[in-house]
Amino acid sequence: EGDGIPDNLEIDSDDVTIDGMQIGISNVDAGIHSTGDTDLAIQNNVINADSLGIAIVGVATGAVSISSNEITLADFTTPLGNVTSSITLYGLVGVVDVDVSDNEHAGSALGVFVYGCLSTNILSIANDTVTASIRGASIFSTDGTNRASSTVNISGFSVSSFAEPGGGITNFPETGIYFFTDGASTDSHILTATVTNSTFEDVENTTSDYAGIICGDFSSTDYIAYLQDITITECNIQDNENRGLFARGQNTQVNIIRSTLDGNGFNPTATGGNPGISVIARNSAEVTITNSILINPATLSGPEDIPNNFYAAGLFVDAGGSIDISGSSITNNGNGFIATGVATNTLNMSGNWLGSANQATVELMIQNQAEVDFTPYLGDGTDTDLVTAGFQGAFDDLVVTTTGSQTSSTRLQEVHDLDDPDATITVRQDDYAETLTISKNISLNPEASTTIDDLTLNGGNLNVLADLEINNTLTLTDGVLD
């Protein structure tokens with residue numbers, strides 16, 4: 001070009017550094033492309049392109065570094081109708097060391113596309129920012145024809161200010177990250193990912209599957225190994241109009257640790273009566289949440305025909321999905337339910353702060369409470385460690401009731417096993433047809449007319465603060481009864 005600015009660069013050798021260049025004045029097909037070349041450093045460049053900003057394909061040794069680039073795509077689709085990608089990483093295997101960091105992406109359908117990246121040195125994506133795009137990243141087990149596994153570590157990833165699909169794109173939900181395993185994926189095509197210290201916000205609401213993060217498994221066989229094994233740690237998933245996290249499929253496992261999900265589902269799509277949801281697990285997906293903070297939206301908007309109390313469902317399970325949440329703070333912020341139970345699905349909320357210690361208040365915040373295991377719950381919402389991300393609850397004050405479902409052991413034994421030594425357990429009034437074995441120092445504070453079938457003291461000090469009627473047997477093996 002007469003202006004000295006190349007339209008694109010095709011790398012065809014190893015040991016190449018591209019640093020500080022402007023590539024493309026008007027947008028061109030691909031900014032930088034390489035197939036099979038290694039020991040590459042692509043950094044500090046400004047790239048404008050139509051289809052692909054940077055594409056690295058088929059590397060098995062050496063190192064590839066992509067850092068501090070500004071990449072802008074002209075549209076969401078290529079002239080051939082394919083979706084555009086700011087950075088494409090395809091078939092990076094063996095022992096190649098790939099680091100993607102500090103890049104700024106804008107205007108693409110996909111910020112980062114990953115397929116078939118399974119290296120001994122795990123692919124790292126760190127501190128990238130994606131705006132004005134449909135998806136921050138797509139981690140797929142298929143390219144449409146072939147299938148392969150990928151393992152990726154994502155940290156400091158920020159995705160916001162989403163753009164609605166255009167250019168004839170359909171069935172293409174907005175999301176911060178989409179993990180996808182298709183119907184033909186098997187246990188040879190596994191996606192393993194850690195997502196740490198990242199933020200996903202502002203996803204819109206055009207269809208019911210728009211979400212801050214989507215883990216979508218469509219495989220047809222239930223395998224022993226999960227096809228999606230996703231761990232989300234110390235992340236913020238916030239202010240997404242429709243859903244926070246959407247997990248579906250029988251081979252999906254998601255672990256959420258010390259994260260905050262705040263204000264999700266404040267303006268859901270009305271199609272099919274879809275409520276706003278913080279976390280949904282359906283089609284046999286399994287989600288585990290620990291030491292996290294979930295807060296319903298402070299304000300609600302949207303179609304008038306959806307009752308406000310169904311905007312924010314908080315936690316929702318359907319079609320065989322399961323959610324197990326513990327050690328977390330779950331509050332409705334004055335709007336909607338903190339959880340909605342569905343028959344034959346597992347929603348275990350034992351051992352959390354639920355916004356109140358009052359049983360009647362807690363029960364009002366749970367829809368279909370007979371299908372939700374929410375007892376015992378914490379009697380105090382204090383976070384005992386404000387330095388550590390997420391929520392670190394106090395297990396020295398717990399409340400147990402006979403309402404709701406029960407997913408494990410018995411109610412009184414469960415609260416005994418969960419609590420800290422020297423804890424106080426408030427036992428709501430009812431008949432507990434079960435046996436409790438005490439093996440640590442605790443105080444029981446039963447309400448009036450509370451009964452239990454059998455009580456065994458086998459170590460520790462038991463302090464009973466009010467009358468407790470034992471229907472059958474009191475066994476004193478070891479310890480002190482006061």
Side-chain angles (χ1 to χ4, degrees), residues 173-181 195 200-201 203-218 226 228 230 232 235 237-256 259-290 292-297 300 302 306 309-325 328 330-332 335-349 352 365-369 371-374:
E174 287 181 6
T175 185
I177 304 178
Y178 198 138
F179 298 98
F180 176 77
T181 44
V195 185
F200 308 95
E201 58 186 335
V203 172
E204 298 170 291
N205 67 351
T206 300
T207 66
S208 62
D209 48 1
Y210 278 37
I213 295 177
I214 300 174
C215 302
D217 168 53
F218 295 84
Y226 294 100
Q228 295 192 23
I230 314 301
I232 300 167
C235 289
I237 304 173
Q238 60 194 33
D239 299 327
N240 299 292
E241 291 189 39
N242 193 59
R243 293 175 176 174
L245 180 133
F246 176 24
R248 64 97 63 210
Q250 60 190 340
N251 293 300
T252 295
Q253 174 181 255
V254 183
N255 294 296
I256 302 174
S259 294
T260 297
L261 294 92
D262 186 2
N264 298 296
F266 66 89
N267 184 26
T269 177
T271 303
N274 175 74
I277 298 170
S278 184
V279 177
I280 178 172
R282 67 186 324 270
N283 299 98
S284 301
E286 299 177 13
V287 177
T288 300
I289 307 170
T290 54
S292 294
I293 299 172
L294 286 76
I295 306 172
N296 278 10
L300 303 169
I306 300 180
N309 66 2
F310 203 49
Y311 275 129
L315 302 170
F316 191 89
V317 289
D318 188 22
S322 69
I323 296 175
D324 191 319
I325 180 169
S328 299
I330 315 165
T331 55
N332 80 337
N335 290 303
F337 299 105
I338 59 174
T340 297
V342 177
T344 74
N345 296 267
T346 300
L347 181 43
N348 182 9
M349 298 170 59
N352 301 282
M365 293 188 292
I366 299 174
Q367 189 178 40
N368 301 333
Q369 61 181 258
E371 308 299 337
V372 179
D373 182 352
F374 62 91

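From a predicted model like this one, the values you see are computed outputs, not experimental measurements. Atom set for the values below is all heavy atoms of this structure, side chains included, hydrogens, waters and symmetry mates excluded.
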Least distance between heavy atoms, [X] atom then [Y] atom:
X      : Y      : result
Pro173 : Tyr210 : CA-CE1, 3.6 Å
Val342 : Val317 : CG2-O, 3.1 Å
Ser328 : Thr290 : OG-C, 3.6 Å
Gly176 : Phe200 : CA-CD2, 3.7 Å
Glu174 : Ile214 : O-CD1, 4.2 Å
Gln367 : Val372 : O-CG2, 4.3 Å

Phe218 six-ring centre to Arg248 NZ/CZ under 6.0 Å and within 45° of normal: yes
Check whether any side-chain heavy atom of [X] sits under 4.5 Å from a side-chain heavy atom of [Y], and report yes or no.
X      : Y      : result
Ile230 : Ile177 : no
Glu241 : Val203 : no
Asn368 : Thr340 : yes
Asn255 : Ile232 : no
Leu315 : Leu294 : yes
Thr252 : Tyr226 : no
Asp324 : Thr346 : no
Asn345 : Leu347 : no

Are side-chain N/O atoms of [X] and [Y] paired as donor and acceptor at under 3.5 Å?
X      : Y      : result
Asn264 : Asn240 : yes
Gln228 : Thr181 : yes
Thr260 : Asp262 : no

Working for side chain to side chain contact (heavy atoms under 4.5 Å, CB included), residues Ile323 and Val279: CA-CA 9 Å; Ile323 296 175; Val279 177; 4.0 Å; yes
Interatomic distance, Ile338 atom CD1 to Met365 atom CE [nearest 0.5 angstrom]: 4.5 Å
Working for side chain to side chain contact (heavy atoms under 4.5 Å, CB included), residues Phe246 and Arg282: CA-CA 8 Å; Phe246 176 24; Arg282 67 186 324 270; 3.5 Å; yes
Backbone of [Y] reached by a side-chain donor or acceptor of [X] within 3.5 Å:
X      : Y      : answer
Thr269 : Thr207 : no
Asn296 : Asn335 : yes
Asn352 : Ile325 : yes
Ser284 : Gln250 : no
Arg243 : Ser208 : yes
Gln253 : Glu286 : no
Asn242 : Pro268 : no

Listed partners of Gln369 passing side chain to side chain donor-acceptor pair (under 3.5 Å), at least two apart: none
Partners meeting side chain to side chain donor-acceptor pair (under 3.5 Å) with Asp239 (sequence neighbours left out): none
Worked check of side chain to side chain donor-acceptor pair (under 3.5 Å) between Gln238 and Glu201: CA-CA 5 Å; Gln238 60 194 33; Glu201 58 186 335; 3.0 Å; yes
Results of ring-ring contact (aromatic ring centres under 6.0 Å, His included) for Tyr178 - residues two or more places apart only: Phe140, Phe180
Thr288/Ile256 under side chain to side chain contact (heavy atoms under 4.5 Å, CB included): CA gap, chis, key distance, verdict: CA-CA 6 Å; Thr288 300; Ile256 302 174; over 6 Å; no
